[in-house]
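So you know, we letter chains A, B, ... as the sequences are listed, proteins then strands, and number each from 1.
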Number of protein chains: 2
Amino acid sequence: MEKVLQNLREVVTEKPMDVIIRQIKELLSTGQLQPGDKLPPERKLSEKFGVGRTHVRDAIRKLEFYGIVKTKPQSGTFVASIGITALESLISDVLQIDVYSFLSLVETREVLELQSVALACDRHTPADIIKLENSLTNYLSKVEHGVKAVEEDFMFHLTIAELSKNKVLKSLLLIIIPDILSNYSIFKVCDIATDKAIGEHKLLFQYIKERNCEAATGVMKTHLKGVMDFAKSLSQ
Amino acid sequence: MEKVLQNLREVVTEKPMDVIIRQIKELLSTGQLQPGDKLPPERKLSEKFGVGRTHVRDAIRKLEFYGIVKTKPQSGTFVASIGITALESLISDVLQIDVYSFLSLVETREVLELQSVALACDRHTPADIIKLENSLTNYLSKVEHGVKAVEEDFMFHLTIAELSKNKVLKSLLLIIIPDILSNYSIFKVCDIATDKAIGEHKLLFQYIKERNCEAATGVMKTHLKGVMDFAKSLSQ
DNA sequence: AATTATTTTTTGGTCAACCAATTTTATGTT
DNA sequence: AACATAAAATTGGTTGACCAAAAAATAATT
């Protein structure tokens with residue numbers, strides 16, 4: 001009985017938008033819709049799914065955001081011309097069927113940050129160094145007074161990503177950082193900035209400025225090691 | 001005169017949604033809007049910015065997607081309670097995120113794939129190997145008959161990401177793959193699969209199966225080197 | 001005066017009608 | 001029959017009116 005109520009609750013709770021996305025996924029799975037195909041018009045979809053056109057448009061917009069479909073005004077909405085398996089995986093992501101583990105997030109963050117700092121060493125300009133220094137100062141001014149500065153910490157890292165001149169890196173970091181932060185607050189990691197962490201930030205700035213790539217990536221690796229170890233301990 | 005026309009074109013071309021996001025950014029920059037504050041109601045915003053309420057809603061939805069604002073039904077939309085600097089940076093990124101350079105995409109792909117293959121070596125199960133072999137067979141069956149198999153190629157790589165047991169890696173690869181593919185078709189790279197590429201795919205499978213991490217990542221690196229070199233030549 | 005109950009207003013959510021660009025179909029011309 | 005032209009239907013985009021939940025203001029009660 002409980003189970004039934006719970007299922008009912010789930011169905012009721014699920015947003016109309018997600019219902020439609022799920023249905024479209026079904027159309028793809030059953031082959032009624034193939035990569036490159038034109039989607040049925042919004043009106044037909046809203047009628048078929050018994051839902052308002054607004055919700056259909058919401059769903060399509062969300063899918064478009066992920067590159068799953070592409071809308072041509074006054075013409076139609078088309079399924080992306082990529083492999084059917086990739087499409088289904090993408091839609092699963094959109095529906096947030098998977099929950100990201102903290103370890104997955106940290107592992108990915110590490111690899112993005114290492115690349116980020118390496119490229120930053122190569123590509124930064126004098127103006128960039130000023131930007132990075134400001135970001136560091138902003139962080140230090142809080143942390144050296146014992147004030148939490150998780151955001152400023154991440155902002156410093158994002159600034160490094162900016163120096164890398166690689167917008168994809170920065171965007172992907174932006175995507176996963178909120179997830180990491182929510183895990184931080186759950187697990188209460190990094191509540192106080194250690195002297196070690198503060199020193200590492202300063203070193204990072206120095207090595208990047210000197211274009212000492214190896215040293216900079218080394219510091220970044222040790223800098224992230226603590227979180228990484230904690231994440232690993234969780235997953236066991 | 002040209003300049004004027006160009007600017008005019010830019011203004012006209014810029015989507016109403018982005019205009020509104022820019023205005024909201026301005027409200028934040030000038031302190032009229034602070035973290036945690038309630039945004040003016042959608043009707044007021046549409047009136048103030050001289051634009052339909054639909055577009056205001058579009059803009060708010062986009063900002064919500066990036067975690068910049070949070071909407072409570074029948075109550076209001078609230079600016080996220082994070083640092084003003086982080087907010088402004090985030091919102092700038094939202095406005096910038098349009099086109100990624102091919103080099104940025106490939107650089108990021110490389111680092112994700114290298115991590116992906118390394119983890120896959122460690123973590124794959126017997127069932128995974130069957131999955132990967134199927135994916136390889138699927139690729140070979142096309143490519144050994146001289147048929148293009150860009151989709152199957154990427155699916156093989158995506159399967160490796162699956163073996164890594166890191167869902168974040170897989171999701172991020174999924175996000176950038178469509179962008180990379182569109183660049184492929186623009187630049188007509190990878191039109192025919194070379195014997196070298198085919199051999200590398202077979203090697204990748206073999207080394208992953210044997211859990212030979214170093215050899216596998218080495219093959220992956222040379223596998224992606226061609227595209228990387230091409231991307232670098234473009235950016236110069 | 002404090003608290004509760006009720007009404008009013010505000011606000012995001014939803015819907016149905018309408019618009020303009022596009023595509024398709026029909027019509028006319030050579 | 002082939003092509004060009006024009007009318008009709010289709011389709012995503014946009015707007016304004018309306019809905020219900022939430023918040024605020026007002027009235028009633030203790």
Side-chain angles (χ1 to χ4, degrees), chain A residues 8-24 27-28 32-81 94, chain B residues 9 11-24 27-28 32-81 91 94 98:
Chain A
L8 197 66
R9 175 71 181 265
E10 269 175 26
V11 172
V12 173
T13 308
E14 191 175 40
K15 288 179 181 176
M17 185 171 66
D18 289 329
V19 176
I20 295 157
I21 293 179
R22 193 181 305 280
Q23 304 250 35
I24 291 177
L27 289 179
L28 281 166
Q32 297 179 61
L33 210 55
Q34 304 218 339
D37 278 4
K38 186 166 115 175
L39 238 67
E42 296 174 354
R43 289 167 178 82
K44 290 270 172 61
L45 286 175
S46 75
E47 187 186 342
K48 185 171 182 176
F49 299 152
V51 78
R53 207 185 130 200
T54 308
H55 294 131
V56 173
R57 303 201 88 231
D58 287 348
I60 287 177
R61 165 125 12 113
K62 194 165 182 179
L63 292 176
E64 191 167 17
F65 193 87
Y66 282 91
I68 295 167
V69 302
K70 173 82 185 169
T71 297
K72 288 187 194 174
Q74 275 71 46
S75 179
T77 299
F78 298 83
V79 181
S81 297
V94 173
Chain B
R9 176 70 181 265
V11 171
V12 173
T13 307
E14 190 174 40
K15 287 179 181 175
M17 186 171 63
D18 289 328
V19 176
I20 295 156
I21 293 179
R22 194 178 304 280
Q23 304 252 34
I24 291 177
L27 290 180
L28 281 166
Q32 296 179 61
L33 211 54
Q34 303 218 340
D37 277 3
K38 186 166 113 175
L39 238 66
E42 295 175 355
R43 289 168 177 81
K44 290 271 173 59
L45 286 176
S46 74
E47 187 187 342
K48 185 170 182 176
F49 300 151
V51 77
R53 206 184 132 201
T54 309
H55 295 130
V56 173
R57 304 199 89 232
D58 288 349
I60 287 178
R61 171 148 346 139
K62 192 165 182 180
L63 292 177
E64 194 167 15
F65 184 89
Y66 284 96
I68 295 168
V69 302
K70 172 82 185 169
T71 297
K72 288 186 194 175
Q74 274 71 46
S75 178
T77 299
F78 299 82
V79 180
S81 296
I91 209 165
V94 171
D98 278 331

With sequence neighbours left out, which residue pairs that include part of residues 64-79 of chain B fulfil the salt bridge (charged side-chain N to carboxylate O under 4.0 Å, His left out) condition? none

Residues passing the side chain to side chain contact (heavy atoms under 4.5 Å, CB included) test with Lys38(A), sequence neighbours excluded, are Phe78(A)

Atom CZ of Phe78(A) and atom P of dT22(C): how far apart are they, to the nearest Å? 13 Å

Whole-Å distance, Leu39(B) CG to dT11(C) P, equals 12 Å

With Gln74(B), which residues qualify under side chain to side chain contact (heavy atoms under 4.5 Å, CB included), at least two apart? none

Residues in side chain to side chain contact (heavy atoms under 4.5 Å, CB included) with Pro35(A), at least two apart? Ile84(A), Leu87(A)

Give every pair of a protein N or O atom and an N or O atom of nucleotides 7-9 of chain C that lie under 3.5 Å apart, one pair per line with the distance.
none

Nearest-Å distance, CD (Glu42(A)) to C1' (dT10(D))? 12 Å

Residue set satisfying salt bridge (Lys or Arg N to Asp or Glu O under 4.0 Å) with Arg61(A), at least two apart, ordered chain then number -> Asp58(B)

Which word best sums up how the rings of Phe65(A) and Phe65(B) line up, parallel for under 30°, tilted for 30 to 60°, or perpendicular for over 60°? tilted

Those residues that, when tested against Arg22(B), pass salt bridge (Lys or Arg N to Asp or Glu O under 4.0 Å) (two or more places apart): Glu14(B)

Using a cut-off of 4.0 Å between protein heavy atoms and nucleotide atoms, how would you tag nucleotides 14-24 of chain D 5' to 3' with B, S and -? BB--B-BBSS-

Could you work out, with side chain to side chain contact (heavy atoms under 4.5 Å, CB included) as the rule, every residue matching Gln34(B), not counting sequence neighbours? Asp37(B)

